[in-house]
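Every chain is numbered from 1 and lettered A, B, ... according to where its sequence line falls, protein lines coming before strand lines.
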2 protein chains.
Amino acid sequence: MRGLMVASIEDVAAAAKVSTATVSRAIRGLPRVSPVTRARILAVADDLGYVASPSASTLATGRTRTIGVLAPFVDRWYFGRVIEGVEQELREHSYNLLLFSLGGYASDRQRLFNRNMVRKQMDALVVLCLSLSDQELEQLHRTEIPLVAVGGPVSGCSSVRIDDSLAAAAATQHLLDLGHRDIGHLHGGWEDQLNFTVPGLRTEGFESTLHAAGLGPRSEWEVEGDYTVRNGVRAAVRLFDSPSPMPTAVFCASDEMALGLMFEARRRGIRIPEDLSIIGIDDHEFSEPAGLTTVGQDPTAHGSIAARMLIAELAGKTGAVRDSVVAHQLIVRGTTAPPCR
Amino acid sequence: MRGLMVASIEDVAAAAKVSTATVSRAIRGLPRVSPVTRARILAVADDLGYVASPSASTLATGRTRTIGVLAPFVDRWYFGRVIEGVEQELREHSYNLLLFSLGGYASDRQRLFNRNMVRKQMDALVVLCLSLSDQELEQLHRTEIPLVAVGGPVSGCSSVRIDDSLAAAAATQHLLDLGHRDIGHLHGGWEDQLNFTVPGLRTEGFESTLHAAGLGPRSEWEVEGDYTVRNGVRAAVRLFDSPSPMPTAVFCASDEMALGLMFEARRRGIRIPEDLSIIGIDDHEFSEPAGLTTVGQDPTAHGSIAARMLIAELAGKTGAVRDSVVAHQLIVRGTTAPPCR
DNA sequence: ATGAAAGCGCTAACAG
DNA sequence: CTGTTAGCGCTTTCAT
């Protein structure tokens, strides 16, 4: 509790008149220390404000008690939530969280994520759904630390996520059940299709459900966004500006895009849901306030689950890290209704 | 590039037929190594896939090349953006980012942020505007590492932020300039007022501007939120449900609350801006799509600036960390207009 | 320009 | 139950 000089294990040992080995055991709660000795050591340590040096400990044990999180962005709803979930779980188990943000999905390949960033810095890594090059993947796997993906499959990793295809199907089916037959589709981007599979999965769920109802997607009602509100608006503009007749409903691959669509619809006096039904996926924090019907997921839970699996694996429970598909949930609010024509 | 065994500095030294000291110098680009030796060492190191062990290096130097970020949340617009800004700057300078999320402003005082979490783990810390107890603050300062606050003042730290009072004044003045006299106020929470000063500053800017115009705030038009959309809606409900006459405009202390107000207004058929003008603060990512008039700030820049100051300070530029008030900017969009009555 | 050697602070056998 | 001791992998004088 005093002094500016940081106490080392030797200081504690000296003050408690024991060896550093005993201090080490006592502090870490290991057996083979008599209760009274332990108490004395703990008291001394507390008095000296002793805290073990993480780097010394890491160097000696080879374990860092740190888990890395690799995300394309941190300032987007899904990722922020997942990170929050990971953080909470980690903190609970006295693990640290080392954050890496790539600043985009595949953008700047200069700062390729290489195994140098991983080695000796973390005991495990959670990879938030993004498109990694084969080379990056291979490097990651070669680090041989436990890996888990969140929010989308990553080749060769277990992952925790919803069944994106089924979620899209549920959204589409809801529209169908309301009687819609003319359904538009605001989907995610395609450039990264190869590795970033979520857009593909959601599209597949949409189209297969349509087909099962004897319908097919209509290309004039297919518009591309990138999951953001901003591009939801742009996509909406394209859709509304097109000369073809409007669909009576639109399935959006993310709530943010759906919200963008809502904003643009309002701007044009298109009434929701009277003139147009809208459904999204996510249950974004704005969705309830906006009254958006959606298929919800809980990213914070995804993060906790991933962290928990990793921690268990590190604790020796081999096989703790495995695929985990978590439930999604249709949430009907005010933006969907039977078609008026 | 080969092998599963991780190469140590000794392996490199052996393979290059030099001492570890020379390898160390060569790799870190230090002088006193002949060009040819250096080239050879670099080649060998590359071949062996050698990367210095951070913990060993930390142990030897006392520097971690890691900067901590302490945030109340990571899944909120402002914080996510700041973290992104910090991250980018850090990555650029090969610093790591250790993330701590408190899961709330002052919530769980169990997991008090203590100096044990800081010591020997990071070289500097950026504290995202939150209410720290005096004890926490004192502990932080006692760690004697460079500190910088972002988004709000923290006692005893330099900080980077906008002038919240002026920003609020600008928003209010815009309403006044349009001819509004009956102006409501959707402000932030007060429980944490003591330490979390932003709500107070914005309120002060609002009220002083009103006074300067010969007006005073009207308590029936003062509603409390907590900066989120969700509570923006709740506050809007209270405002609209009150029996008193409506204001012609509302100043919201955050865009999220303003957006919540917009959603609720729309639900009740209140036209924006014809029946009610709305202005916020932030320039949240939803604001442009929603057409919300606001006073914008750029949190990503705040984060970069903070990180840059810290890095400079750590590089020996004493005094690099200092207060930095960055500009805000009135952005007029579609939610404000002259009053219709 | 290069090397030898002493740490940095902790952990993990191995003894006792 | 407790102590001794040899590292963990790198940096840094101090010599040469």
If you measure only the distance, is there a donor-acceptor pair under 3.5 Å linking the side chains of A:Thr58 and A:Ser55?
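Distance-only check fails for A:Thr58 and A:Ser55.
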
Applying salt bridge (charged side-chain N to carboxylate O under 4.0 Å, His left out) as the test, list every pair that has at least one member in residues 313-324 of chain A; sequence neighbours left out.
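As it turns out, the salt bridge (charged side-chain N to carboxylate O under 4.0 Å, His left out) pairs with a partner in residues 313-324 of chain A, which skip direct neighbours, are A:Arg161-A:Asp323.
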
Report, as yes or no, whether the 6.0 Å neighbourhood of atom CD on A:Glu10 holds more than 12 heavy atoms from other residues, nucleotides or ligands.
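No, the 6.0 Å shell around CD holds no more than 12 heavy atoms from other groups.
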
Quick one: is [N] close enough that its OP1 or OP2 comes under 4.0 Å of any side-chain N or O from [X]?
X       : N      : value
A:Arg65 : C:dC10 : no
A:Ser57 : C:dT11 : yes
A:Ser24 : C:dT11 : yes

Would you mind reading off the distance between [X] atom [atom1] and [N] atom [atom2], rounded to a whole angstrom?
X       : N      : atom1 : atom2 : result
B:Ile27 : D:dC10 : CD1   : P     : 9 Å
B:Leu59 : C:dA6  : CG    : C1'   : 13 Å
B:Tyr50 : D:dG9  : OH    : C1'   : 7 Å

Five pairs at each end of the helix from C:dA1-D:dT16 to C:dG16-D:dC1: take the axis at both ends and give me the angle between them to 10°.
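Between the axes fitted at each end of the helix from C:dA1-D:dT16 to C:dG16-D:dC1 lies an angle of 30°.
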
For B:Val51, report the nucleic acid contact type (base, sugar-phosphate, nothing); a contact means any heavy atom under 4.0 Å.
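Sugar-phosphate only.
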
Flag side-chain contact, heavy atom, 4.5 Å: [X] against [Y]:
X        : Y        : value
B:Leu140 : B:Val118 : yes
A:Val325 : A:Ile162 : no
A:Leu314 : A:Ile67  : yes

Name the pairs: protein N/O against N/O of nucleotides 2-5 of chain C, kept only if under 3.5 Å.
from, atom 1, to, atom 2, distance (Å)
C:dT2, OP1, B:Ser34, OG, 3.4
C:dT2, OP1, B:Thr37, OG1, 2.5
C:dT2, OP2, B:Ser34, N, 2.7
C:dT2, OP2, B:Thr37, OG1, 3.2
C:dG3, OP2, B:Ser19, N, 2.7
C:dG3, OP2, B:Ser19, OG, 3.3
C:dG3, OP2, B:Thr22, OG1, 3.0
C:dG3, O6, B:Arg25, NH2, 2.4

Closest approach of A:Leu99 to B:Arg91 (non-hydrogen atoms, all atoms of both residues):
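Nearest heavy atoms, A:Leu99 then B:Arg91: O-NH2, 3.0 Å.
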
Of the non-hydrogen atoms in B:Ser101 and B:Pro72, which two are nearest, and what is the gap between them?
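Closest pair (atom of B:Ser101, atom of B:Pro72, distance): OG-O, 3.8 Å.
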
From C-beta outward on B:Thr61, which listed nucleotide comes closest to its side chain: D:dC10, D:dT12, C:dT11?
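The closest nucleotide is D:dT12.
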
